[in-house]
Structures are given as structure tokens and as C-alpha cells.
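Throughout, a chain's letter reflects where its sequence line sits, starting with A, and its residues are numbered from 1.
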Protein chains: 2
Amino acid sequence: MLLYQEIRQYLFALIAKHPELKKLPSERELLEKFQSTRITVREALTRLEAEGVIYRQNRKGWFICPPRLKWDPVQKVNFGQLAQDQNFTALTQLVSFETAVAQEWLAQTFELNTASKFHNVCRVRSLDERPVMVEEIYCLASQFHDLQHKPLEDSITTIFAQDYGVNITHERSSLVVTAIPDDKADVLNVNSGALCLKIIRKRFNQHDELVDYNIEYWVHSAIEIEVDSK
Amino acid sequence: MLLYQEIRQYLFALIAKHPELKKLPSERELLEKFQSTRITVREALTRLEAEGVIYRQNRKGWFICPPRLKWDPVQKVNFGQLAQDQNFTALTQLVSFETAVAQEWLAQTFELNTASKFHNVCRVRSLDERPVMVEEIYCLASQFHDLQHKPLEDSITTIFAQDYGVNITHERSSLVVTAIPDDKADVLNVNSGALCLKIIRKRFNQHDELVDYNIEYWVHSAIEIEVDSK
DNA sequence: CAGTGGTCTAGACCACGAT
DNA sequence: TCGTGGTCTAGACCACTGG
């Protein structure tokens, strides 16, 4: 068997045997144990990372993945509630809030001209202290006046409905597997180029008007999508 | 800027400027051009691979990704039709057909005992000659007698309905990002450990009975999931 | 401060692909 | 046969983390 496969197998068995383990041995411990080099050890580690078995935090080490959050994009369930149902401690934090005139792609998405002003909310969500998702939300500044003074760590959908009388009735989501952009990797404290599931959500009101445009980057090993269809 | 980022940028621009290009320069050409080493060149290449911009075929080289197939798991659209609508030439091929008593996990999924016999159909699907998905389908041998003599390159759903009077009325899907198992990597002609989107589909009839259990492995850069929700 | 992962050099041999 | 990527060695210096 290939050496990096042997190392992978060893670590896989180690994880299975010690479910209470959180952190793996360091790369240098592993290369000594297997009389090998860092290149080979890292090949085994990145393989397990791709499989979603382990993850790294920048320069801190390699850690064992907890169970994935199961999420149904079709059901409109509150993130905090969903996490709690699955025995996670959930946390949402505001990263930044900006209001500015639209970039071209954004104006086009909303079918408006580039003079329109938009809010841009950036938030990060964690499960049991581990950041797992960062999102950008774009919505019209004229439609959501004073949004910056609302409790932006809570459900945006609820704020839209209760404070502005805007109800989301349907949405269109797109999912792709890709590498996370560097600025988002910093927020999640993952390595540059980490794998993610990128979800773009366009949400509409009953008049079929676009209310908000949402880009979510999920740490790939932290989530499992579940969809029911009739 | 980091060297591997420079190489990545160069290749990214090269691809943008020459959309007609199919294959990248070899790793050794690139390391000469950048006066670097294979480790660093491969860091740039695997980054672009994770982003879904390029892909490799085992020992053949690095290739530029064509547009992704857009697919809605909720709509029940025929694969061939969907591909044709998006200007792909689609092909489904039978890889293997076996009938055997159930392994434990399978029997449990169907809530039957391990003496039950199951069909196991393995198929591979290609877009414009590029294999993009391999799937395993499990269904009860007693329910689908002589299935091996049906046209298994066509829609299984249609065969179930027309030849056996079994109609799929609803299903439950689960999606995770992971690394593809080695036996499936061989079928798709991708490298060991390649990224994939793994979709498990349980499909039911009107009596809420499980009809088939389906595991799909999609090449991650070949697909984009689209979901509408009310 | 010592230990961690992040990046990088300069090679090597191999299996497999195209020809 | 020769070029490709797949695997591997034996180091190096750096930025950042944690005690």
C-alpha cells in the first residue's frame, strides 16, 4: 500500500478508536512515527480533510470533525433552533455592516441602475465555538432604512417581516462546491483555499420582487444538506 | 505575493484569455517558466482544481472545466433531456449489474432481514465524453424480477413505472461534499481522492415504501445544484 | 520561547499514456 | 519510447499560536 494511504488508515483508525479525541498528533510527530517526510504526511492529512473527517485551524493544528449540521434549504427554519435541535450551541456574530452604491453585478441582479444604494451585512455563524459559515447579505437601503440599528445577530427574515412588513414568500438557491475566497477564509479562521459549499440564495416577496441576495460559504465538512421532494 | 498564488493567477488569466483552450501546459513546463519546483506548481494547480476551474484525468494532464450542469434535485427531469437543454451530449453506460443477498446496512435501510436479495446497478454518466457521475442503485430483486434484461442505460424510473407498475411519488435526498472512493474514481477516470458531491437518494412509492436506494458521486466541478422553494 | 502549520527548494523513481 | 502526472525524500525558512 502507498505510504500516505497507510498514514491515512492509521489516523482513520485512531479517530474511530478514540471518539473523544479532538486534536491529531502534529505533522512532525507523524513523520517521525512513519519515518517519512512532511509532504507525504500532509498528503494523508489533506485526503482526510477532503473526506470531511478532519479539519485544520490556521497554524493551530489538525482537528477531528464533529457531526455535520443537517440542514434543509427548502424549509424555512431558524438557524439557532435547527442547531439546538441537533445539540449544537449556535452563535451568530456581525462581522461588518456597510451601505454603498451598487456594484454592477449587484445592480443587474436587482434590475436596478448602479446609483442605487445597498446595505451589505456580513455575518459569521458558529457551532460549539467552531465558525462554520460566513454570509454576505445584500438588500436595498431605501427599502430597509435604519437596518444597521436592528439586532442583526438575529433572524434577518424576522426583522424584514416585523420591522418593515416585508415577507419572504419564495426563494431560489444555487449550490456549488468550490474553494473559499481568502477574505472569507480569514473570518472562518480556516486555511487559504479551504473547501466550501457556496450557496447563493435569492429571496422574493409575494409580488415576485427580489428582496435580498445572500451568499453563504459553509465549511464543507460542517454541513449535510437534506431535501425532501414530493 | 506568494509564488503559488502568482502561478495560479497566471493560469487563471490564461484560461480567461483563451476560452478555446482545453489542456494546460504540463507541470514541468510551468516549473521552468516560474523557476520553481513541482511542489509549488502543484499547489497552484490543486487550488484551481478545488475552485472548480480545472480538473485532471489520471496521468493525462490538467484540463479546463466546461460549464457546470445545472440540476434541480426536486424536479424529476430526465438526465438526458436536462443535459440536452443545456447543450451537452449526454451518455449513460452500465458499469455492472449484480444480484446478491443484502449487506447489513442495506437490509436495515429497507427494514428487511439480511436474507433478502437485492439488485445492484452501477452506471456512469458522461457529458461531452467527460465522465461526471457514477451511481449505485439498490432495489429489491423480488420486486423487480428480470431487471437485468431491461434497457438499463435509460431511465430507471420509467422502467419501474412501465414494466413493473411501480411509481415513485416522493424522495428524500442528502448531499455532502467528500472525497470519492477509489473504486468510483477508477470508473470516472479521475485521480484517487478527487473531490465529489455525494448524493444519497431514497425514493418511495405512494404507500411510503422504499423503492430504491441510490448513491450518486458527482465530479464536484461538473455540477451546480439549483433549488426552488415556495 | 518552543511548537505549530504554511511555503518552498532540488532533486528522485515509478506507472501509465500517447505515439 | 518518451512525456505525463503520482509518489516520495530530506531538508529549509517563515508567520503565527500558545504557554
Side-chain angles (χ1 to χ4, degrees), chain A residues 1-11 21-50 54-64 129-131 179-180 182 185-195 219, chain B residues 1-11 21-50 54-64 129-131 179-180 182 185-195 219:
Chain A
M1 192 171 14
L2 297 172
L3 182 50
Y4 80 84
Q5 292 280 23
E6 271 181 46
I7 301 174
R8 182 203 158 280
Q9 287 251 11
Y10 165 81
L11 291 171
L21 212 62
K22 298 233 165 138
K23 194 171 182 300
L24 292 187
S26 78
E27 296 178 5
R28 283 164 178 86
E29 282 179 67
L30 288 170
L31 73 85
E32 269 195 44
K33 178 175 184 69
F34 287 92
Q35 289 290 303
S36 181
T37 62
R38 277 186 72 199
I39 298 284
T40 305
V41 166
R42 284 170 72 84
E43 180 66 34
L45 289 166
T46 56
R47 179 67 61 100
L48 285 167
E49 183 187 37
I54 62 176
Y55 67 98
R56 37 181 156 167
Q57 290 197 339
N58 238 335
R59 292 172 209 274
K60 284 192 198 169
W62 296 86
F63 301 84
I64 297 173
E129 317 278 299
R130 175 190 178 201
I180 199 162
D182 279 349
D186 290 343
V187 175
L188 292 176
N189 192 28
V190 297
N191 58 298
S192 163
L195 281 177
V219 171
Chain B
M1 186 169 24
L2 297 172
L3 183 49
Y4 80 83
Q5 292 281 21
E6 273 182 46
I7 301 174
R8 181 202 160 280
Q9 288 251 12
Y10 165 79
L11 291 171
L21 213 62
K22 298 233 166 136
K23 193 171 182 301
L24 292 187
S26 76
E27 295 178 6
R28 281 161 179 90
E29 280 178 66
L30 289 169
L31 73 85
E32 269 194 43
K33 179 175 184 70
F34 287 91
Q35 290 289 307
S36 180
T37 61
R38 279 187 72 199
I39 298 285
T40 305
V41 167
R42 284 170 71 86
E43 181 66 35
L45 290 166
T46 56
R47 179 68 61 99
L48 285 167
E49 182 187 38
I54 62 176
Y55 66 99
R56 38 181 153 166
Q57 291 196 340
N58 238 335
R59 293 172 208 272
K60 282 192 201 169
W62 296 85
F63 301 84
I64 297 172
E129 316 279 298
R130 176 189 178 201
I180 199 163
D182 279 347
D186 290 342
V187 175
L188 292 176
N189 194 29
V190 298
N191 59 298
S192 164
L195 280 177
V219 171

Minimum heavy-atom separation for Y55(A) and I64(A), please, with both atom names. CE2-O, 3.5 Å
Closest approach of A185(A) to I180(A) (non-hydrogen atoms, all atoms of both residues): CB-CG2, 3.7 Å
Measure the distance from [atom1] on [X] to [atom2] on [N] and round it to the nearest whole Å.
| X | N | atom1 | atom2 | answer |
| --- | --- | --- | --- | --- |
| N191(A) | dT7(C) | CG | C1' | 13 Å |
| K23(B) | dG17(C) | NZ | P | 14 Å |
| L45(A) | dC8(D) | CG | P | 14 Å |
| E43(A) | dG5(C) | CD | P | 16 Å |
| E27(A) | dT7(C) | CD | C1' | 12 Å |
| R8(B) | dT7(C) | CZ | P | 13 Å |
| Y55(B) | dG5(D) | OH | C1' | 15 Å |
| L31(B) | dC8(C) | CG | P | 14 Å |

So, using side-chain contact (heavy atoms from CB on, under 4.5 Å) as the criterion, who are the partners of N191(A) when residues are at least two apart? E49(A), R56(A), N58(A), A194(A)
With sequence neighbours left out, the residues meeting side-chain contact (heavy atoms from CB on, under 4.5 Å) with K23(A) are F63(A)
Those residues at least two apart in sequence (or on a different chain) that pass salt bridge (charged side-chain N to carboxylate O under 4.0 Å, His left out) with R8(B) are E51(B)
With [X] via side chain to side chain donor-acceptor pair (under 3.5 Å) - residues at least two apart:
| X | answer |
| --- | --- |
| E43(B) | none |
| D186(A) | none |
| R47(A) | Y4(A), S192(B) |

Do any N or O atoms of the protein come closer than 3.5 Å to N or O atoms of nucleotides 9-11 of chain C, and which pairs are they?
{"residue": "dT9(C)", "atom": "OP2", "partner": "S36(B)", "partner atom": "OG", "Å": "2.6"}
{"residue": "dT9(C)", "atom": "OP2", "partner": "T37(B)", "partner atom": "OG1", "Å": "3.4"}
{"residue": "dT9(C)", "atom": "OP2", "partner": "T40(B)", "partner atom": "OG1", "Å": "3.1"}

Might you list the N or O atoms of the protein lying below 3.5 Å from N or O atoms in nucleotides 14-19 of chain D, with each pair's distance?
{"residue": "dA15(D)", "atom": "N3", "partner": "R59(A)", "partner atom": "NH1", "Å": "3.1"}

Sequence neighbours left out, cut at 3.5 Å: what donor-acceptor pairs do the side chains of residues 31-38 of chain A make with other protein atoms?
{"residue": "Q35(A)", "atom": "NE2", "partner": "E32(A)", "partner atom": "O", "Å": "3.4"}
{"residue": "R38(A)", "atom": "NE", "partner": "E27(A)", "partner atom": "OE1", "Å": "3.0"}
{"residue": "R38(A)", "atom": "NH2", "partner": "E27(A)", "partner atom": "OE1", "Å": "2.9"}

Contact class for R42(A) vs. all strands (heavy atom < 4.0 Å): base, sugar-phosphate, or nothing? base
